Amino acid sequence: MLLQPYKGFFDGKGLGDTKKIFKERRNKMKKLKKRTRSMGIAFLFAFWLWPALGLAMDNGECLDCHNDEGLTREQGRGSLFVDAAQFHDSAHHGQGIMCIDCHADIAELNYDNDVPHAKNLAPVACSSCHEAEQDAFANSVHTQISSKGITMTCYACHDYHYATPLAAASVGQRDNNFCAKCHNPYQSHDWLPKKEEHFAFVECTVCHVPEVQRHIHLKFFDLVTNQFYKGEDILAILGLGSDQFMPMIDTDNDGTISRPEFEILELMLRQKNVHAIFHAELVAEMAPVAHQVMRGGAERNCEKCHTAESPYFEAVSIVLTKEDGGVDHHQVDRGVLKSYSLSHFYLYAGTRVKLLDMIGILLIGGAGCGVLGHLAIRIVTLRGRRQKKEKS
Amino acid sequence: MSKKLIYIHPAPVRVWHWIQAAGIVLLVLTGFQIRYAEMVGIMALKNAITLHNYVGFVVIANYFLWLIYYLGTGKIKIYFPDLRTFVPDAFRQAKYYGFGIFKGDPNPHVMTPDNKFNALQQKAYLGLMFLLLPAQMISGVFLWRVKGYADYVHYLGGIKIIDTIHVILFFFFAAFLIAHCYLATLGHTPLAHLKAMFTGYEEEH
């Protein structure tokens, strides 16, 4: 395991001397300030209603400087560039978080200075909002390694400005963007059979965070294009709004898509010429406890999953992303895992098709009964054969 | 009673047979453990999967031992029934197993080195060795490396379809084991065929 203390640009090292760049910015800002002032009482009234904007610092003002790809700190190490488009798609922006909500020590911008705010900003305190996550992380192996001189920050795993919602993310997206940054799972799972399959279908935290809730995600996957359908695409194909999906599919209104209802959904998609398969993955619920990765606490009991009534498969959901960036989880009867509707998902013992068991009973039982019956007749007729033999 | 010994099972066939026998028994046992992990307690699931994989490859290698021997010696023809006489031969053999054997009638099929299988055996082993066992081996290899053979698995309809083929054949082989062991007791003495499979010699009566 190789972990390095993350050298981010929010680590309190300061922004440095970027005089040349900021001279240009300062002039630009002065012009902008004048323009802002001239926008009149209506805007001022709006600012008065919104305390954050009342500081006359919205994200746009920050991005006026930070959208420059060449903006770096004095030492030339670490970009200070923020991609506005990517930030717009981030989870934080989706929640209406402003730059100064995290960079809380920026009280005002002074464009007379080379750098309009303090050069040395305080590290961002993620835990001021993510308190529960911080508590879980404090009990994790990633905090314990500080005794070895390794400091893990939030930024080591999570993007600075581009943290995206993960509720609908696939196992690959979840693991590759987090655990796989430092860990190569093939180097530490010698005991695990079928590594490649496990790593492809099971999120790391499912086994490595004993307390986390697990569920099966069902997503629509097109084998021809080798891509997942977006939830909004599926809804558009079905001609349904996100709030119309369940009323249309869950015809008995019990809040769960039963096996017959699931089959009707498949039929509806085929009628629309969509030949997607249901791709199933075992993922962890997006909850603060997912940060509590334990040393030596990983689940190694195969039978925990590989059993017909595994608690890991109690929750099965169709995951649909929406145009507004939200995610809907629609509960599905776990019985679909044992059906041919999910012909591309199977785990030993866990998703047995009952029909096959009945065929097995008939074949083995038939052979056994046939043998016993034949043997019984042989025993009963033994005397007759002996007499015939003696006569001959 | 005359006791003429005829050499029916050459050494390579006997070696192949007993490797196959041990392999199929182990595969069936570990197969039950894998499919019914919560009900069967022979061994841990992890060990069962590992053993199943290793034994599976031994059985695959053993299949090629069988194929090379029978193709190389030309004896492969004993697996192919004579179509001109197959139907009456099979009927006569079925009648013997279902009726004549209880009366003490002689077996209508006389075993010779060049014709050791009766019509029913030929039909059963032909399907077994040229269709069912290869299908089981191929589906087993796909299940061994689902990701590695993902394209083939998807093309054939998905892992659950491959699993269905493998599981139905698994049940078939489990049932076959029972029937095979019982049928092996139908020689002139209950242990005659078993003994011959060790020594290579059958007694002709």
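These numbers come from a predicted model, not from an experiment. We name chains A, B, ... by the order of the sequence lines, and we start the count at 1 in each one. All heavy atoms count here, side chains included; hydrogens, waters and symmetry mates do not.
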Engaged part of Leu337(A) at the chain B interface, taking heavy atoms whose separation is under 4.5 Å: backbone
Chain B contact via Lys195(A) - which portion, at a heavy-atom distance below 4.5 Å: neither
Option that, when pairs with chain A are counted at under 4.5 Å, heavy atom only, ranks first among Glu38(B), Gln33(B), Lys160(B): Lys160(B)
Which atoms of Ile361(A) approach chain B - backbone, side chain, both or neither, heavy atom under 4.5 Å: neither
Within 6.0 angstrom of Gln213(A) CD, more than 12 heavy atoms from elsewhere: no
Contact class of Ser341(A) relative to chain B, heavy atoms under 4.5 angstrom: neither
Cationic N near anionic O, under 4.0 Å, Lys388(A) to Asp105(B): yes
Residue pair Gly157(B) / Ser343(A): nearest heavy atoms and the distance that separates them: O-OG, 3.1 Å
Flag, side chain of Lys194(A) to backbone of Leu143(B), donor-acceptor distance under 3.5 Å: yes
Ile161(B), part contacting chain A, at a heavy-atom distance under 4.5 Å: both
Salt-bridge contact Glu303(A)-Lys46(B) (side-chain N to carboxylate O under 4.0 Å): no
Phe201(A) vs Lys147(B) side-chain heavy atoms within contact, under 4.5 Å: yes
Residue part contacting chain B, namely of Leu355(A), when any heavy atom lies under 4.5 Å: neither
Leu356(A) vs Arg35(B) side-chain heavy atoms within contact, under 4.5 Å: yes
Test applied, side chain to side chain contact (heavy atoms under 4.5 Å, CB included); reference residue, Tyr346(A); option that passes from Thr164(B), Asp163(B), Ile162(B): Asp163(B)
Residue Ala200(A) versus chain B: region with a heavy atom under 4.5 Å: side chain
Per-residue contact mode, Val146(B) against chain A (heavy atom under 4.5 angstrom): both
Closest approach of Ile364(A) to Ala174(B) (non-hydrogen atoms, all atoms of both residues): CD1-CB, 3.7 Å
Phe345(A), part contacting chain B, at a heavy-atom distance under 4.5 Å: backbone
Shortest non-hydrogen contact from Ala367(A) toward Ala175(B): CB-O, 3.6 Å
Exercise: identify the closest heavy-atom pair between Leu363(A) and Phe171(B): CD1-CB, 3.8 Å
Validation row: Asp357(A), Tyr36(B) side chains within 4.5 angstrom (heavy atoms): yes
Proximity breakdown for Asn301(A) and chain B, heavy-atom pairs closer than 4.5 Å: neither
Shortest non-hydrogen contact between Arg378(A) and Leu186(B), atoms and distance: NH1-CD2, 3.0 Å
Tyr155(B), part contacting chain A, at a heavy-atom distance under 4.5 Å: neither
Tyr186(A), OH atom: more than 12 neighbouring heavy atoms under 6.0 Å: yes
Parallel, tilted or perpendicular, as decided by the 30° and 60° cut-offs, for the rings of His374(A) and Tyr182(B): perpendicular
